[in-house]
Colleague: 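My questions all concern the structure below.
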Amino acid sequence: MSRGRDAQIWDVDGNCYIDYVMSYGPLLFGHAPGFVTKAIKAAAENGSVFGAPTVAEVEIAELVTRMVPSVEMIRFVNSGSEATTSAVRLARGATGRRKIIKCAGCFHGSVDSLLVEAGSGVATLGVPGTAGVSPALAAETIVVEYNDVRQLEQAFVLHGHDVAAFIIEPVAANMGLVPPVPGYLEAARELTLRHGAILIFDEVISGFRMSAGGAQELLGVRPDLTCFGKIIGGGVPCGAYGGKRDLMEQLAPVGPVYQAGTLSGNPLAMNAGLVVLKEIERQGQSLYAHLDALGQRLEDGLVSQFANANVNVQIQRIGSILTPFFTSNPVLNYNDAKSCDSSRFRTFFHGLLDNGIYIAPSQYEGWFISTAHTEETIDQTIETVGRVLKAQ
Ligand code: PLP
């Protein structure tokens, strides 16, 4: 790609696309929003990194703790992967336990022990999750099916005394969009408490997208630790993790768990993230109502185009993320997602790409809507989908 503006991107040959990838989530306000570019330029003029905190880092930390009440203290890093790596280390350090429970189809970044049965690119390419990962590390990971309380209970019964954490995307978005069934996150909260394990919500995608307080606010379940990435950096490399004060104080220099990074909290990311979070706070609930209305419009249009073309799909959506799964059954977990018709997806993807609509080249991803998408962009998309399906 060569450039992006609002909801559109251009490739190096000059072709223009309506973008639903949005760099896999960070661009809540579309490509190159003026207020973000301005903040990045201003920060760059004043020096891009100091290896010491700046006012912007303190301000964004205060803002996140206000927006996400379960986060009492926060530490900034450079990516979502670094956030999940660090959260897992902190959970192990704080509990003195080794094992981590994760869900099949959830993706927590390029983290050795969390690549087992991972979603996103690992699922798309069908690569064995443990290639290049030490078997000893992979053996510390227990995989359960998403949305299955019984399996989770079983894992705790078998390994509870040695489980440091259960890490989960509270709304799974890396096997396509799969919401939690009612009661599942509540059960996860109860089981982790009962067994003395840390509940980590990986909100790298859902944070600041599902609501200002993330999926945890929308769904009313409070984790011990939360991982952030994507939107928190306003489109600049950034991640963060935070949670209860007593847990976060296990981190060095106060506590014994070491974690640091040369570029962590750098002014470019902090200032880009700060203006984005301030804008989210300024717009409040109306921002999410607007995104939801756009999402509903897209969902309704897709439902009718697929029905007209007699193609079986399940469209799953929360707010501004949706996935049309090529199957006639609801998708509740990774097994369901894997049973979708991937060759039908491939044809659909290429049809859209050839007609100026860019979605992720995988059945296991969501379509991301930003405030830069308009009713007109959505209607144009729906019309194109109808044309593409008719031609196939
Ligand atoms: N966690 C989730 C839920 C993600 O979707 C991703 C990336 O897509 C990550 C963690 C890793 O984030 P990053 O790519 O910034 O390392």
Side-chain angles (χ1 to χ4, degrees), residues 20-28 68 75-91 100 102-125 127 129 141 143 146 165-180 185 188 199-210 214-216 218-219 223 225-242 259 261 263-266 268-269 272-273 276 318-323 334 337 359-368:
Y20 287 98
V21 179
M22 287 282 145
S23 192
Y24 298 90
L27 309 176
L28 193 66
V68 189
R75 166 91 40 110
F76 286 93
V77 290
N78 299 296
S79 67
S81 300
E82 213 180 318
T84 53
T85 306
S86 309
V88 163
R89 183 183 310 135
L90 176 55
I100 302 293
K102 79 171 283 279
C103 291
C106 280
F107 178 67
H108 304 293
S110 295
V111 183
D112 280 6
S113 60
L114 301 179
L115 281 173
V116 186
E117 292 219 39
S120 193
V122 180
T124 310
L125 301 176
V127 294
T141 308
V143 181
Y146 192 77
F166 175 41
I167 184 167
I168 182 169
E169 292 177 72
V171 172
N174 281 295
M175 48 179 144
L177 199 273
V178 181
L185 295 179
L199 179 61
I200 306 174
F201 276 3
D202 179 348
E203 296 232 35
V204 166
I205 286 185
S206 57
F208 312 105
R209 178 168 287 278
M210 303 270 145
Q216 56 193 266
L218 190 73
L219 303 167
L225 288 177
T226 302
C227 300
F228 299 101
K230 304 202 191 247
I231 291 174
I232 203 170
V236 176
C238 185
Y241 62 109
Q259 185 274 312
L263 297 170
S264 295
N266 73 75
L268 300 191
V276 163
I318 293 192
S320 57
I321 315 183
L322 66 74
T323 301
Y334 190 37
I359 62 168
S362 166
Q363 174 74 97
Y364 302 113
E365 303 284 356
W367 297 27
F368 290 94

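This structure is a prediction, so every number in the text was calculated from the model and none was measured. Read the numbers this way: they start at 1 and go in the same order the structure lists the ligands and their atoms.
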Colleague: Nearest to atom 12 (O) of ligand 1, what protein heavy atom do you find, and at what distance?
Modeller: Gly80 CA, 3.3 Å
Colleague: Working to the nearest 0.5 Å, report the span between OG1 of Thr323 and CD of Gln363.
Modeller: 7.5 Å
Colleague: What part of Glu82, side chain, backbone, both or neither, has a heavy atom within less than 4.0 angstrom of ligand 1?
Modeller: neither
Colleague: Between Ser264 and Glu82, does the side-chain contact (heavy atoms from CB on, under 4.5 Å) criterion hold? Intermediate values first, please.
Modeller: CA-CA 10 Å; Ser264 295; Glu82 213 180 318; 4.1 Å; yes
Colleague: Atom OH of Tyr146 and atom CD1 of Ile168: how far apart are they, to the nearest 0.5 Å?
Modeller: 5.0 Å
Colleague: Looking at Ser79, which atoms of ligand 1 are within less than 4.0 Å of one of its heavy atoms?
Modeller: 15 (O), 16 (O)
Colleague: Looking at Val143 and Ala104, what are the two nearest heavy atoms and their distance?
Modeller: CG1-N, 3.5 Å
Colleague: Could you tell me which atoms of ligand 1, counted from 1 in the order shown, lie closer than 4.0 angstrom to a heavy atom of Gly109?
Modeller: 9 (C), 10 (C), 11 (C)
Colleague: As a quick check of understanding, evaluate side-chain contact (heavy atoms from CB on, under 4.5 Å) for Asn78 and Asn266, giving each step before the final call.
Modeller: CA-CA 9 Å; Asn78 299 296; Asn266 73 75; 4.1 Å; yes
Colleague: Going by the order shown, which atoms of ligand 1 are within less than 4.0 Å of some heavy atom of Asp202?
Modeller: 1 (N), 2 (C), 3 (C), 10 (C)
Colleague: Using the side-chain contact (heavy atoms from CB on, under 4.5 Å) definition, which of the options Pro179, Cys106, Ser206 pairs with Pro170?
Modeller: Ser206
Colleague: For ligand 1, which atoms sit closer than 4.0 Å to a heavy atom of Ile205?
Modeller: 5 (O)
Colleague: Within this structure, what is the CG-CZ distance for the pair Asp202 and Phe228, rounded to the nearest 0.5 Å?
Modeller: 10.0 Å
Colleague: Atoms of ligand 1 less than 4.0 Å from Asn174 heavy atoms?
Modeller: 2 (C), 3 (C), 4 (C), 5 (O)
Colleague: Quick one: nearest non-hydrogen protein atom to atom 16 (O) of ligand 1, plus distance?
Modeller: Ser81 OG, 2.6 Å
Colleague: Identify, for atom 8 (O) of ligand 1, the protein heavy atom at the shortest distance, and state residue, atom and that distance.
Modeller: Lys230 NZ, 2.9 Å
Colleague: Is there side-chain contact between Ile200 and Tyr241, with heavy atoms separated by less than 4.5 Å?
Modeller: no
Colleague: Can you list the atoms of ligand 1 that are under 4.0 Å from a heavy atom of Glu169?
Modeller: 3 (C)
Colleague: Counting only heavy atoms closer than 4.0 Å, does ligand 1 sit against the backbone of His108, its side chain, both, or neither?
Modeller: backbone
Colleague: Side chain, backbone, both or neither: which part of Phe107 comes within less than 4.0 Å of ligand 1 when only heavy atoms are counted?
Modeller: both
